[in-house]
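Okay, so here's the structure we're looking at.
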Amino acid sequence: QINFVKYYSNDHDTYWSFNLDPRILFKRNLVDELVFHIQNLPFRCVLEISENHELPEKKITDAAFAKLKSNGCKIFLDDFGSAYSNVEVLNSYDFDGLKLDKSLLLNVSSDNNSHANLEKLFNLTANSQLECVVEGVETSQELEILTRIGFSRFQGYFLGKPFQFADLFVESRELSG
């Protein structure tokens, strides 16, 4: 099962992202299948790789990432800031960006430590020239705080709900025509 979700940036670009378990990515020529679909999409596409499971051998992962990127897909490290996030993985692979885990937003409006940690993560991504999406934005207040910190890409029920793979093509047809 692959769930798609839109995320939005302050410059009004719309991106479509999907989570993919790395164990699935490297099975049954899925990379080639994804490339085929990516080339036919009328919008920007981001593949979110979760660290819940170890990535395959670096050489295999690098080749898959390169093929996807050369066909217009961006690769993000998902759930950064959760129990699974690892700076070594971030440094070892050619990610285009991070998707910050929604747990980082807990109490952001009332907890100075949460706010400070988000500022540090913003600086990490900015200094590393990584794109960043903050997931779990559920209120206008959270969106306002994150915007003040400097974030410009967001995801959450406040902005839109995830949906199934088959529904992507219905919405794609609506967008293109």
Side-chain angles (χ1 to χ4, degrees), residues 1-9 13-41 43-106 117-137 146 151-156 160-169:
Q1 175 178 339
I2 300 174
N3 287 327
F4 282 77
V5 68
K6 293 183 210 179
Y7 68 83
Y8 301 89
S9 72
D13 284 337
T14 301
Y15 296 77
W16 293 74
S17 63
F18 57 100
N19 296 68
L20 198 56
D21 182 326
R23 297 175 302 174
I24 295 171
L25 177 62
F26 299 98
K27 289 184 180 179
R28 301 173 327 212
N29 297 326
L30 185 59
V31 171
D32 292 330
E33 188 177 328
L34 285 171
V35 165
F36 172 78
H37 289 293
I38 289 166
Q39 291 172 338
N40 295 305
L41 295 175
F43 44 78
R44 296 179 180 173
C45 184
V46 175
L47 173 64
E48 299 171 1
I49 301 291
S50 175
E51 281 191 273
N52 294 355
H53 302 282
E54 190 174 330
L55 288 166
E57 178 183 326
K58 182 167 174 29
K59 183 178 175 181
I60 294 169
T61 301
D62 287 346
F65 282 11
K67 187 170 192 173
L68 289 162
K69 288 174 163 215
S70 70
N71 284 280
C73 186
K74 292 186 178 188
I75 312 290
F76 278 35
L77 180 59
D78 194 15
D79 299 324
F80 197 81
S82 71
Y84 299 108
S85 62
N86 182 331
V87 174
E88 181 182 350
V89 170
L90 178 63
N91 290 331
S92 297
Y93 297 95
D94 186 21
F95 289 102
D96 297 299
L98 296 177
K99 185 168 159 201
L100 300 184
D101 190 74
K102 63 184 175 187
S103 65
L104 295 167
L105 286 181
L106 294 176
N117 287 334
L118 284 165
E119 287 176 339
K120 291 172 193 171
L121 288 169
F122 174 79
N123 290 329
L124 168 74
T125 58
N127 292 332
S128 302
Q129 297 181 335
L130 291 168
E131 296 179 44
C132 185
V133 175
V134 183
E135 77 174 356
V137 177
L146 293 166
F151 292 104
S152 62
R153 293 188 170 106
F154 313 100
Q155 190 178 73
K161 297 179 182 178
F163 55 91
Q164 296 297 309
F165 183 77
D167 296 334
L168 173 69
F169 297 100

Next on the checklist: Please confirm whether the ring centroid of Phe95 lies under 6.0 Å from the ring centroid of Phe76.
Outcome noted: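 Ring centroids of Phe95 and Phe76 are no less than 6.0 Å from each other.
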
Working to the nearest 0.5 angstrom, can you tell me the gap between [X] [atom1] and [Y] [atom2]?
{"X": "Asn123", "Y": "Leu121", "atom1": "CG", "atom2": "CG", "result": "9.0 Å"}
{"X": "Asp78", "Y": "Asp101", "atom1": "CG", "atom2": "CG", "result": "8.0 Å"}
{"X": "Ile75", "Y": "Glu48", "atom1": "CD1", "atom2": "CD", "result": "10.5 Å"}

Of the non-hydrogen atoms in [X] and [Y], which two are nearest, and what is the gap between them?
{"X": "Asp96", "Y": "Cys73", "value": "OD2-O, 4.3 Å"}
{"X": "Asp94", "Y": "Phe65", "value": "O-CD2, 4.2 Å"}
{"X": "Val31", "Y": "Ala64", "value": "CG2-CB, 3.9 Å"}
{"X": "Val134", "Y": "Val137", "value": "O-CG2, 3.8 Å"}

Checklist entry - Between Asp79 and Lys102, is the closest basic N to carboxylate O distance under 4.0 Å? => result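 Judged by the 4.0 Å cut-off on N to carboxylate O distance, Lys102 and Asp79 do not form a salt bridge.
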
Next on the checklist: Whether the side chain of Lys99 engages the backbone of Leu77 through a donor-acceptor N/O pair (distance < 3.5 Å, no angle test) should be reported.
Outcome noted: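 Absent.
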
Item to check | Candidate pair Leu34 and Lys67, rule side chain to side chain contact (heavy atoms under 4.5 Å, CB included), full reasoning | outcome: CA-CA 10 Å; Leu34 285 171; Lys67 187 170 192 173; over 6 Å; no

Next on the checklist: Taking side chain to side chain contact (heavy atoms under 4.5 Å, CB included) as the criterion, tell me which of Leu90, Leu130, Val89, Leu104 meets it with Phe80.
Outcome noted: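 Among Leu90, Leu130, Val89, Leu104, the one meeting side chain to side chain contact (heavy atoms under 4.5 Å, CB included) with Phe80 is Leu90.
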
